[in-house]
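A short worksheet on the structure shown next.
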Amino acid sequence: MISVAVSGAAGRMGQAVCETVDGAEDTELVAKADPTLGVALADVLGKADVVVDFTRPDTALANAQACLEAGVHVVVGTTGFDLEELRRAAEASRANCFVAPNFAIGAVLLMEVAQKIAPHMPECEIVELHHDRKLDAPSGTAKRTAELISNAGGNVHQPIHSVRLPGLVAHQEVIFGGEGQTLALRHDSIDRYSFMPGVLLAVRKVGALPDRFTVGLEKLLFGSQTG
Ligand SMILES: NC(=O)c1ccc[n+]([C@@H]2O[C@H](COP(=O)([O-])OP(=O)(O)OC[C@H]3O[C@@H](n4cnc5c(N)ncnc54)[C@H](O)[C@@H]3O)[C@@H](O)[C@H]2O)c1
């Protein structure tokens with residue numbers, strides 16, 4: 001049984017994670033940390049093997065650092081902050097940190113396919129579309145997609161286009177253009193439960209990862225070396 005504390009437990013993602021962890025056979029929800037619930041992350045770290053953080057860009061780094069300093073593995077889903085400081089904290093700690101800008105398998109597959117296309121049709125644009133309460137733009141997924149496409153030989157035109165509207169959840173399109181043709185890839189998360197199998201996989205695997213700091217669900221799904 002893996003003991004899991006959820007940081008940001010009262011949020012849109014946090015609530016779905018709590019329900020998922022509670023419902024899985026091999027994970028146990030031991031704490032819900034969130035200022036709106038009156039529970040501080042620091043007060044629950046002693047109970048958890050793994051913390052899952054879906055909070056805000058301005059607090060995720062400090063939360064993850066607190067976990068690492070306490071020797072607790074941390075799975076970070078929060079986007080919109082610089083990962084380099086987190087990498088350094090993880091590498092200096094005795095716990096593991098796993099970060100994914102997108103826990104949905106479809107989004108990860110889009111990134112994989114985009115890297116295959118990039119050497120053959122390098123010119124491309126990224127359009128990401130999210131609900132209007134999302135704090136960061138462009139999305140962490142779009143920035144990661146751009147990085148992977150560039151590393152694979154593509155030319156991602158700037159800026160990345162960010163659409164924020166009520167009714168949306170999380171969506172992304174990559175459009176490649178070549179001589180007399182275009183090729184579009186699109187992924188839609190129409191429900192937050194799209195992220196939950198990926199979050200559970202990370203909770204199960206984070207403690208046994210070979211490196212202290214790992215980014216990208218693709219590393220857990222197919223051991224991809226990209227990026
Ligand atoms: N990686 C992914 O697949 C993925 C998918 C969806 C959303 N996200 C990201 O997850 C984050 C959360 O999104 P959301 O829609 O659930 O946001 P939200 O605003 O609904 O929830 C955030 C929660 O964090 C809480 N919080 C704030 N400060 C805190 C702290 N110091 N400690 C603990 N909790 C704290 C807030 O009270 C709130 O309940 C965002 O950064 C979003 O971009 C990532």
Side-chain angles (χ1 to χ4, degrees), residues 4-21 29-45 47-48 51-70 72 74-83 86 97-111 128-145 160 162-172 187-203 206 214-221:
V4 181
V6 176
S7 170
R12 287 175 288 264
M13 287 296 288
Q15 288 180 45
V17 174
C18 287
E19 198 182 304
T20 301
V21 165
L29 180 64
V30 292
K32 296 177 172 190
D34 198 302
T36 65
L37 301 174
V39 181
L41 178 61
D43 295 338
V44 304
L45 284 176
K47 298 182 191 172
V51 166
V52 179
D53 185 278
F54 280 95
T55 56
R56 300 168 48 99
D58 57 3
T59 190
L61 176 62
N63 288 354
Q65 282 173 327
C67 297
L68 293 166
E69 279 163 23
V72 178
V74 60
V75 171
V76 180
T78 312
T79 57
F81 69 99
D82 184 13
L83 294 181
L86 183 53
C97 179
F98 176 78
V99 183
N102 201 311
F103 281 96
I105 174 88
V108 175
L109 291 171
L110 182 153
M111 289 186 235
E128 55 94 344
L129 310 88
H130 283 82
H131 61 89
D132 57 346
R133 282 159 298 170
K134 185 171 175 60
L135 296 178
D136 53 318
S139 70
T141 304
K143 287 198 268 189
R144 176 78 174 151
T145 306
I160 293 169
S162 297
V163 177
R164 297 288 176 267
L165 284 172
L168 295 168
V169 179
H171 317 258
Q172 176 165 287
H187 175 256
D188 298 281
S189 275
I190 53 177
D191 188 294
R192 288 186 177 81
Y193 288 91
S194 62
F195 304 113
M196 294 306 123
V199 172
L200 261 189
L201 180 69
V203 165
V206 64
T214 306
V215 179
L217 194 67
E218 65 278 10
K219 305 275 176 35
L220 307 187
L221 289 169

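For the numbers below, each heavy atom of this structure counts, side chains included, while hydrogens, waters and symmetry mates do not. Ligands are counted one by one from 1 in listed order, and the atoms in each one are counted from 1 as well.
Taking only non-hydrogen atoms, the option from Leu37, Leu135, Thr55, Thr59 nearest to atom 40 (C) of ligand 1 is Thr55.
Closest protein heavy atom to atom 8 (N) of ligand 1: Gly77 O, 3.8 Å. What sits closest to atom 10 (O) of ligand 1 on the protein, heavy atoms only, is Phe54 CD2, 3.3 Å. Remark: minimum distance from atom 2 (C) of ligand 1 to any protein heavy atom is reached at Pro101 O, 3.5 Å. With hydrogens left out, the protein atom closest to atom 42 (C) of ligand 1 is Thr79 OG1, 3.9 Å, a heavy atom. Remark: minimum distance from atom 7 (C) of ligand 1 to any protein heavy atom is reached at Met13 CG, 3.6 Å. Counting protein heavy atoms only, atom 27 (C) of ligand 1 is closest to Arg56 CD, 3.6 Å.
Under 4.0 Å from ligand 1, not a single heavy atom of Arg192 appears. Of the heavy atoms in Ala62, none comes closer than 4.0 Å to ligand 1. Contact annotation for Asn63 and ligand 1: only side-chain heavy atoms (C-beta onward) come within less than 4.0 Å of the ligand. The backbone and the side chain of Phe103 each have at least one atom closer than 4.0 Å to an atom of ligand 1 (non-hydrogen atoms only).
In this structure, the side chains of Phe195 and Val17 stay at 4.5 Å or more apart for every pair of heavy atoms.
Here's the thing with Lys134: one of its N/O atoms is less than 3.5 angstrom from an N/O atom of ligand 1. Polar contact check, Gly11 against ligand 1: a nitrogen or oxygen pair lies under 3.5 Å apart. The distance criterion of under 3.5 Å between nitrogen or oxygen atoms is met by Arg12 with respect to ligand 1. Where the criterion is an N or O separation shorter than 3.5 Å, residue side chain and backbone included, Phe195 fails it with respect to ligand 1. Close N/O approach between Thr78 and ligand 1 is not found [any backbone or side-chain N/O within under 3.5 Å].
Residue contact annotation: Asp34 has a non-hydrogen atom under 4.0 Å from ligand 1. Remark: distances from the non-hydrogen atoms of Ala170 to ligand 1 are all 4.0 Å or more. Look at Pro35 and you'll find a heavy atom under 4.0 Å from some atom of ligand 1.
Heavy-atom minimum distance, Ser194 versus Asp191: OG-O, 2.8 Å.
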Begin with the C-alpha distance, continue with both residues' side-chain angles, and end with the deciding distance and a verdict on salt bridge (Lys or Arg N to Asp or Glu O under 4.0 Å) for Glu218 and Arg144.
-> CA-CA 12 Å; Glu218 65 278 10; Arg144 176 78 174 151; 3.0 Å; yes
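Less than 4.0 angstrom separates some heavy atom of Ala10 from each of these atoms of ligand 1: 39 (O).
By the ring pair (Phe, Tyr, Trp, His ring centres under 6.0 Å) test, Phe103 is found to be paired with Phe54, residues two or more places apart in sequence or in another chain being considered.
Between the side chain of Asn102 and the backbone N or O of Thr141, no donor-acceptor pair lies under 3.5 Å. Checking side-chain atoms of Thr78 against main-chain N and O of Thr55 turns up a donor-acceptor pair under 3.5 Å. Checked by atom type and distance alone, the side chain of Ser162 never pairs as donor or acceptor with a backbone atom of Glu128 at under 3.5 Å.
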